[in-house]
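In what follows, a structure is listed as structure tokens, so that the remarks can point back to it.
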Amino acid sequence: MTEQEILRRESLAKLREMGVEPYPAEMYEVTAHAADITQNYREEVLEDGTKNRLNFQEVSLAGRVMASREAGKAMFMNLQDSSGRIQLYLRRDDFLTEEGAPIFDTLVKKLLDLGDYIGVKGFAFKTKTGEVSVHVQQLTFLSKALRPLPVVKKDADGNTFDAFTDPEQRYRMRYVDLTVNTQFREIFLKRSRMIRTMRSYLDELGLLEVETPILQPIHGGAAARPFRTHHNTLDMELYLRIANELYLKRLIVAGFDGVYEFGKMFRNEGMDRTHNPEFTALEFYVAYKDYVWMMQVTEQMLERVARALSPDGSSRATVGEHEIEFAGPYRRLTMYEAVREYTGIDVESADEAALRSYCRQEQIETDNSMGKAKLIDEIFGEKVEHHLIQPTFLIDYPVEMSPLTKKHRSSPGLVERFELFVNGKEVANAYTELNDPVDQRERFEDQLRLAARGDEEAMAMDEDFLRALEYGMPPTAGIGFGIDRLTMLFTGQASIQEVLFFPQMRPEK
RNA sequence: GAUCUCGUAGCUCAGUCGGUAGAGCACUUGACUUUUAAUCAAGGAGUCAUGGGUUCGAGUCCCAUCGAGAUCACCA
């Protein structure tokens, strides 16, 4: 233990000796919050020059002591609650035992430490320097802190000193990070508001919120390596889901017109500033619709999110150096048009060899297992994707890369799929769902052939899903959103770790 | 997985050419009854990430390991 930790344990023991419980069980009545008082306190100056305080004259608030300044027989502290900070003013003469013995020096000045949770009762007033404060008449210890918090200071110009900045410590000890770096709370408030806005939009559309299995016997619905686990009683291998798509479609088969799920997905792949092993997706599926309808819904939903998150209700958001307009309609570009526009290649007429030589020329990595579709996708990723700053629907993908997507109504070799790109990154993936069970079986068989060639991410055959389709699934549109990526977009964060409370870390020591 | 950078007091950081471990804040003691990065005086606090090596001597140089960040590869 460090010196400071030992001292705090000694303070704890002394409090108990004095009959003060540092961790009381009973609730503490809170009648006011810091931000409300500092923003709404009113007082008037009477004709004789005295001040008349108009509100907050009997308040009870609770929070953490974040700073203290002793001034002789008085003391100032900053109390932080969930709404913000407020200054407390304490005078020695206000703190006496029932017998009248002074306890200010011992109890408050010595045994109260930064980081302690306390409750205070008193009245609001303005100090000589004009700061709205609470004159404390009664103080209650609510929880003693045994470790010192980092002390982050700010001066009058807003300059920060000794900020708690080490990303490793911030992510490992989010409780400390969010206590002292309160600006990061805003990211998570926005994340919550974003999800709430989407949920209420989907509820208005009449969709049903559902939950589907995370432990799955067959990992389907996406191309990714799964986490494996084992169920003891069943004595069988299970996978943490990489997607919930096939289960949501079973519910469409079951006769629900529309279903949605916000849920964690798990992918056993690399970690970097845009990938965490577990991440959150929103997927929804709506019967009797197609991907054209889904584009309009996407535009409406994201516009609503943007307005909910911007301070002035604007549909625009600033992301890095770009101002992004989320009100629709968004630009629509086919995969082929996009590649032609940014590279000049006519991918429709080009053959595999021509694409391969272009990749060589542009130093785009390829391997021999890649077919024409995969090569186009590689070129898109290298040459096009980062140009798509304003929301852009990229539509109509080659059939080989979309085993769950319905064939295009008019363009052979393509499927009815779109991905939404914003700020050069994919944020949603949608399609007119494949509901032809015979076609779906053939697509799975193609995937099996890929797996046999060593593709670890190829989808497995899911006989029960095929059986469901054979019972009949109505024509359906479906979409998946990366909630973490969207949060990054709307909060201007470059790292996924900043939008997750507890990003995955290697174990300490 | 590869490459580069980083790891020193509770926090933020110095530490020169290899020669006794430093500062500010925090902490302790004292002064001050409207302070606010409070101020003033004095003081305490370190397994220099871990383990080896070179050297008379290593925070510093070399190797390995652990952890983090950035870039790249894969993926969303």
Side-chain angles (χ1 to χ4, degrees), chain A residues 1-8 10-11 66-78 85-95 104-105 109-110 113-115 125-131 133 135 145-173 176-177 180-181 222-226 242-243 265-281 364-365 367 378 381 419-421 425-429 456-457 480-486 488 494-497 503 505-509:
Chain A
M1 264 195 290
T2 66
E3 182 190 30
Q4 293 195 44
E5 289 174 287
I6 293 165
L7 285 164
R8 281 166 182 251
E10 287 169 4
S11 303
M66 297 302 288
S68 78
R69 296 173 291 282
E70 286 177 30
K73 295 173 182 62
M75 188 176 189
F76 295 88
M77 301 194 299
N78 291 339
R85 289 190 185 193
I86 189 165
Q87 178 167 267
L88 306 179
Y89 172 61
L90 299 88
R91 285 191 319 194
R92 182 165 80 172
D93 299 347
D94 294 332
F95 289 86
F104 181 73
D105 287 351
K109 277 175 79 167
K110 292 266 189 283
D113 293 309
L114 295 189
F125 75 109
K126 258 189 196 178
T127 63
K128 243 184 354 195
T129 51
E131 177 155 353
S133 308
H135 186 130
L146 296 183
R147 291 171 185 261
L149 286 169
V151 177
V152 180
K153 297 200 174 192
K154 278 187 185 172
D155 69 12
D157 300 327
N159 300 310
T160 302
F161 301 84
D162 299 336
F164 180 60
T165 51
D166 179 358
E168 179 174 2
Q169 300 226 68
R170 287 187 47 231
Y171 302 148
R172 286 194 197 281
M173 299 193 286
V176 172
D177 180 37
V180 303
N181 296 325
R225 296 211 304 274
I242 57 173
M265 307 299 155
F266 306 85
R267 298 193 183 174
N268 205 342
E269 293 175 338
M271 288 167 58
D272 60 26
R273 70 179 199 290
T274 57
H275 297 84
N276 195 66
E278 56 183 289
F279 64 99
T280 303
I364 298 168
E365 272 188 49
D367 65 59
E378 289 291 321
E419 291 187 308
L420 175 63
F421 288 85
K425 296 183 184 76
E426 184 200 335
V427 299
N429 180 21
E456 284 185 79
E457 296 178 342
F481 288 87
I483 293 297
D484 313 284
R485 298 271 174 93
L486 269 183
M488 290 165 68
S495 164
I496 197 170
Q497 298 170 106
M505 304 285 277
R506 288 193 167 82
E508 284 179 82
K509 288 174 187 168

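A quick note: this is a predicted structure, and the numbers were derived from the prediction, not measured. In what follows, every chain begins at residue 1, and chains take the letters A, B, ... in the order their sequences are listed.
Between A/Leu90 atom CG and B/C32 atom P there is a gap of 18 Å when expressed in whole angstrom units. Whole-Å rounding puts the A/Met173 CE to B/G67 C1' distance at 14 Å. Across the protein-nucleic acid pair, A/Asp105 atom CG and B/U28 atom P stand 14 Å apart, rounded to whole Å. Taking atom NZ of A/Lys110 as the reference point, atom P of B/U29 lies 5 Å away to the nearest angstrom. In this structure, CZ of A/Arg506 is placed 19 Å from P of B/G7, rounded to the nearest angstrom. A/Leu149 places its CG atom 14 Å from the C1' atom of B/C25, with the value rounded to the nearest Å. Between the P atom of B/A9 and the CD atom of A/Gln169 lies a distance of 10 Å, rounded to the nearest Å. Regarding A/Asp272, its CG atom lies at a distance of 14 Å from the P atom of B/A68, rounded to whole Å.
When the options A/Gln169, A/Arg172, A/Arg170 are evaluated for a side chain to side chain donor-acceptor pair (under 3.5 Å) with A/Asp177, the one that passes is A/Arg170.
Nucleic acid contact class of A/Asn276 (heavy atoms, under 4.0 Å, all strands): base. A/Met265 comes within 4.0 angstrom of no nucleic acid atom, judged by non-hydrogen atoms across all strands. Within 4.0 Å (heavy atoms only), A/Glu5 reaches no atom of the nucleic acid at all. Counting any heavy atom pair closer than 4.0 Å across all strands shown, A/Asp93 reaches a base atom. Within the nucleic acid shown, A/Ala281 has no heavy atom closer than 4.0 Å to any nucleic acid atom. A/Glu426 comes within 4.0 angstrom of the backbone, heavy atoms only, and of no base. Contact annotation for A/Gln4: base contact, defined as any heavy-atom pair under 4.0 Å involving a base atom. If you check every strand for non-hydrogen atoms under 4.0 Å, A/Thr165 touches sugar and phosphate atoms only. Residue-level contact check: A/Glu10 touches neither bases nor backbone, having no heavy atom under 4.0 Å from any strand.
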* Asked: Just the dot-bracket of RNA chain B, please: which string comes out with Watson-Crick or G-U pairs under 3.5 Å, [ ] for crossing, | for another strand?
  -> (((((((..((((.....[..)))).(((((.......))))).....(((((..]....))))))))))))....

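Between A/Tyr89 and A/His135, the ring-plane angle classifies as perpendicular under the 30° and 60° cut-offs.
Remark: the separation of the C1' atoms in B/G15 and B/U8 is 9 Å, to the nearest Å.
The aromatic ring of A/Phe161 sits over the base of B/A37, with ring centres less than 5.5 Å apart and planes tilted by under 30°.
A salt bridge links A/Asp105 and A/Arg92; the closest N-O separation between the charged side-chain nitrogens and carboxylate oxygens is under 4.0 Å.
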